[in-house]
Amino acid sequence: MNTVIVGAQWGDEGKGKIIDILSAETDYIVRYQGGSNAGHTVVVDTKTYIFHLIPSGILHKGKVCCIGNGVTIDPQALIKEIRGLESSGIDMKKRLKISYLSHLIFPYHKILDELREGKLIHKIGTTRRGIGPCYADKINRCGIRVVDLFNPKVFKEKLQDNLKEKNEIFKKVYRHSGFEFESLYKEYLGYAKALSGYAANVAVLLNKAIQDKKDVLFEGAQGTFLDIDFGTYPFVTSSSAISGGCCIGSGVSPVFIDKVVGVAKAYTTRVGEGPFPTEFSGDFQKFIREKGHEFGATTGRPRRCGWLDSLMLKQAILLNGISELALTKLDVLDGLKSIKIAVAYRYKGKDFKEFPCDLEVLNKARPIYKEVSGWNENISKTKRYNDLPRNARDYIRLLQDILRVKISLVSVGSSRQETIFIS
Ligand code: GDP
Ligand code: IMO
Ligand code: MG
């Protein structure tokens, strides 16, 4: 069974926790897009791991973890992550495979990410990890890939070409001194040495594994509404975060994908700028942010919080082909008198039942809510669906009815044990 796990909102839905749980039953775990902008949290006993580039299944012995061609790799960040896991006793050389075709992030991408944000009227609020500029180079056919690191002559020429053009832009547009070739070249040849044991033809490796009847889990990063095409553009990331991205980002054909599982929080969060129709205001915003520890796993920025939005989830189900949802952080809603779910948007006297394409509508629309009663109990120790408070079960049932999709897992805390499976 080859399964894609995808974020159904604006990222940080708890994908890391779900991937870690599902990894126990798979053979390969593959990241297919994004880069170190992602922060996927896995809590095991008292230890918290935050994965940025390495698949969240790495803690399960014997599983092969792959970074596909669709991922942008910051080698410095990757090597730091590898070293950290090695110090926890994980044999990374045996377990991690990096695609030769992945594009590399250079310091000039990160600085450009920062400088561009500084100049924009409407800032995106990026993670400043160089993601956008690196994907731009990929599409512009001047990117440098992992494979290039292992051919010093080719790497030298490509880096020289890039610096020639980019240094002009840095100087003339941004009044920045630019980057010196020799030190950057040496730095990256050092990374080549450190990464040589990991580089592989990941597409071939995965296809062979699938032929051998192995199971593959595709780990989406970011979320549906940060997708470059279907997200709230331009307030999005620069990759295909929807499930379709797993094929182009790994080299596995769509005919081998068996199932797509969406991950959604029981409310909504967003980090960075952009429209957010159900966003809370005032003290309630602060209350939920603190209760849900809603601070970015990568940048530490406070996440914006709001009610669950069924227009978004319906759109995510449609775009990704989601047949099952994992609903996370339901415990954060403990103790609320009532809980709201957006079921439509009203704008200029018109009701929208589908997530609109026009950002103007999203920015100005007023959500129409369905309001249900909350529960007083602390649900984080609940192990079985039937032991959840009646109102929590009603909330889950109502969601299933609105979305017409099965909720197969409910997460009630950050650890592996705080998970309810619904058969
Ligand atoms: P990801 O990017 O989708 O992997 O999500 P993040 O790791 O960025 O953010 C999710 C946060 O919520 C992490 O701190 C998790 O440890 C935490 N978390 C995940 N599931 C639950 C849950 O059911 N309840 C609570 N309270 N926290 C959770
Ligand atoms: P995970 O995988 C939440 C957001 C940034 C910004 C926008 C563009 O942990 O869910 P970028 O640096 O990608 O150019 O920033 O996308 N963003 C995320 N928000 N979770 C993420 O990843 C994100 N990755 C990027 O905050 O709004
Ligand atoms: Mg995250």
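We count ligands from 1, going down the list as the structure has it; atoms in each ligand are counted the same way.
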Participant: Given Gln222, which of Asn37, Thr237, Asp12 fulfils the side chain to side chain donor-acceptor pair (under 3.5 Å) condition?
Facilitator: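 Only match with Gln222 under side chain to side chain donor-acceptor pair (under 3.5 Å): Asn37.
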
Participant: May I ask you to list the atoms of ligand 1 that are less than 4.0 angstrom from any heavy atom of Val412?
Facilitator: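 Answer, ordered by atom number: 23 (O), 24 (N).
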
Participant: Would you say Asn162 and Phe179 make side-chain contact, with heavy atoms under 4.5 Å?
Facilitator: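 They are not in contact (no side-chain heavy atoms under 4.5 Å apart), so the answer is no.
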
Participant: Using the six-membered ring of Tyr369, assess whether NZ or CZ of Lys340 lies under 6.0 Å from its centre and within 45 degrees of the ring axis.
Facilitator: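 The answer is yes, since Lys340 meets both limits relative to Tyr369.
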
Participant: Counting distance only, does the side-chain N/O of Glu168 pair as donor-acceptor with the main-chain N or O of Lys164 below 3.5 Å?
Facilitator: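 Checked: no pair found.
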
Participant: Trp307 and ring-ring contact (aromatic ring centres under 6.0 Å, His included): which single residue from Tyr395, Tyr267, Phe280 fits?
Facilitator: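 When Tyr395, Tyr267, Phe280 are each tested with Trp307, the ring-ring contact (aromatic ring centres under 6.0 Å, His included) holds only for Phe280.
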
Participant: Under 3.5 Å between some N or O of ligand 1 and some N or O of Gly413?
Facilitator: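 Between Gly413 and ligand 1, an N or O pair is found under 3.5 Å apart.
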
Participant: Closer than 4.0 angstrom, basic N to acidic O: yes or no for Arg397 and Asp394?
Facilitator: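 Result for this pair is yes, salt bridge flagged.
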
Participant: Would you name the heavy atoms of Pro75 and Ile105 that are closest together and state the gap between them?
Facilitator: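 Between these two residues, the closest heavy atoms are CD-O, 3.5 Å.
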
Participant: For atom 9 (O) of ligand 1, what is the nearest protein heavy atom, given as residue, atom name and distance?
Facilitator: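 For this ligand atom, the closest protein heavy atom is Arg303 NH2, 3.5 Å.
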
Participant: Classify the contact between Lys265 and ligand 1 as side chain, backbone, both or neither, using a heavy-atom distance cut-off of under 4.0 Å.
Facilitator: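 Looking at Lys265 and ligand 1, no heavy atom falls under 4.0 Å.
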
Participant: So, Glu117 side chain and Ile124 main chain: donor-acceptor pair closer than 3.5 Å or not?
Facilitator: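 A pair under 3.5 Å: yes.
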
Participant: Using only heavy-atom distances, determine whether the side chains of Lys17 and Ser411 contain a donor-acceptor pair under 3.5 Å.
Facilitator: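 The answer is yes; a qualifying pair exists.
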
Participant: Between Arg129 (side chain) and Lys110 (backbone), is there a donor-acceptor pair under 3.5 Å?
Facilitator: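 The answer is no, because no donor-acceptor pair under 3.5 Å joins these two groups.
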
Participant: Is it true that a side-chain atom of His52 and a backbone atom of Ala38 form a donor plus acceptor pair closer than 3.5 Å?
Facilitator: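 Judged by distance alone, yes, a pair lies under 3.5 Å.
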
Participant: For atom 24 (N) of ligand 1, find the nearest protein heavy atom and state the residue, atom name and distance (0.1 Å precision).
Facilitator: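 Minimum-distance protein heavy atom for atom 24 (N) of ligand 1 reads Asp331 OD1, 2.8 Å.
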
Participant: Under 3.5 Å, side chain of Lys123 to main-chain N/O of Leu120, donor-acceptor pair present?
Facilitator: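 Yes, because the side chain of Lys123 sits within donor-acceptor range (under 3.5 Å) of the backbone of Leu120.
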
Participant: For ligand 1, is any non-hydrogen atom under 4.0 Å from Val263's backbone (N, CA, C, O), its side chain (CB onward), both, or neither?
Facilitator: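 It is neither part, as no heavy atom is under 4.0 Å.
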
Participant: What residue and heavy atom of the protein are closest to atom 4 (O) of ligand 1, and at what distance?
Facilitator: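 So the nearest neighbour among protein heavy atoms is Gly16 N, 2.8 Å.
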
Participant: Between the side chain of Asn2 and the main-chain N/O of Ile257, is any donor-acceptor distance below 3.5 Å?
Facilitator: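 No, the answer is negative, given that no donor and acceptor are paired below the 3.5 Å cut-off.
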
Participant: For the pair Asn320 (side chain) and Ile317 (backbone), establish whether a donor and an acceptor sit closer than 3.5 Å, ignoring hydrogens and angles.
Facilitator: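 No; zero donor-acceptor contacts below 3.5 Å.
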
Participant: Any donor-acceptor pair under 3.5 Å linking the side chain of Lys138 with the backbone of Pro133?
Facilitator: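 No: the side chain of Lys138 does not pair with the backbone of Pro133.
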
Participant: Quick one, list the residues around ligand 2 where some non-hydrogen atom comes in under 4.0 Å, by chain and residue number.
Facilitator: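 Lining ligand 2 at under 4.0 Å, by heavy atoms, one finds Trp10, Gly11, Asp12, Lys15, Asn37, Ala38, Gly39, His40, Ile124, Gly125, Thr126, Thr127, Ala221, Gln222, Leu226, Val236, Thr237, Val271, Gly272, Arg301.
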
Participant: Only protein N/O/S atoms count here: give how many lie under 2.8 Å from the Mg ion (ligand 3).
Facilitator: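 Considering protein N, O and S only, the Mg ion (ligand 3) has 2 within range.
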
Participant: Determine whether the side chains of His103 and Asp137 contain a donor N or O and an acceptor N or O closer than 3.5 Å.
Facilitator: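 No - no donor-acceptor pair under 3.5 Å links their side chains.
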
Participant: Pairs of nitrogen or oxygen atoms closer than 3.5 Å, one from Ser411 and one from ligand 1: do any exist?
Facilitator: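 Between Ser411 and ligand 1 (N or O atoms, distance only) the closest approach is under 3.5 Å.
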
Participant: Do any N/O atoms on Gly14 end up under 3.5 angstrom from N/O atoms on ligand 1?
Facilitator: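 The answer is yes, given that Gly14 and ligand 1 share an N or O pair closer than 3.5 Å.
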
Participant: Checking a contact table here: which protein heavy atom is nearest atom 12 (O) of ligand 1, and how many Å away?
Facilitator: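 In this structure, atom 12 (O) of ligand 1 has Lys329 NZ, 3.0 Å as its nearest protein heavy atom.
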
Participant: Could you please spell out the steps behind the salt bridge (Lys or Arg N to Asp or Glu O under 4.0 Å) verdict for Glu294 and Lys265?
Facilitator: CA-CA 12 Å; Glu294 294 296 355; Lys265 257 180 210 173; 3.0 Å; yes

Participant: Using a 4.0 Å cutoff against the non-hydrogen atoms of His40, which atoms of ligand 1 qualify?
Facilitator: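 It comes down to these atoms of ligand 1: 1 (P), 2 (O), 4 (O), 7 (O).
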
Participant: For atom 6 (P) of ligand 1, what's the nearest protein heavy-atom neighbour? Residue, atom name and distance, please.
Facilitator: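 Checked against all protein heavy atoms, atom 6 (P) of ligand 1 sits closest to Gly39 O, 3.6 Å.
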
Participant: Which protein heavy atom lies closest to atom 16 (O) of ligand 1, and at what distance to 0.1 Å?
Facilitator: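 Looking at atom 16 (O) of ligand 1, the protein heavy atom closest to it is Ser414 CB, 3.2 Å.
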
Participant: When you look for heavy atoms under 4.0 Å from ligand 1, do you find them on the side chain of Asp12, its backbone, both, or neither?
Facilitator: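 The part of Asp12 near ligand 1 is both the backbone and the side chain.
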
Participant: What is the nearest protein non-hydrogen atom to atom 15 (C) of ligand 1, stated with its residue, atom name and distance?
Facilitator: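 The closest one turns out to be Thr41 CB, 3.9 Å.
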
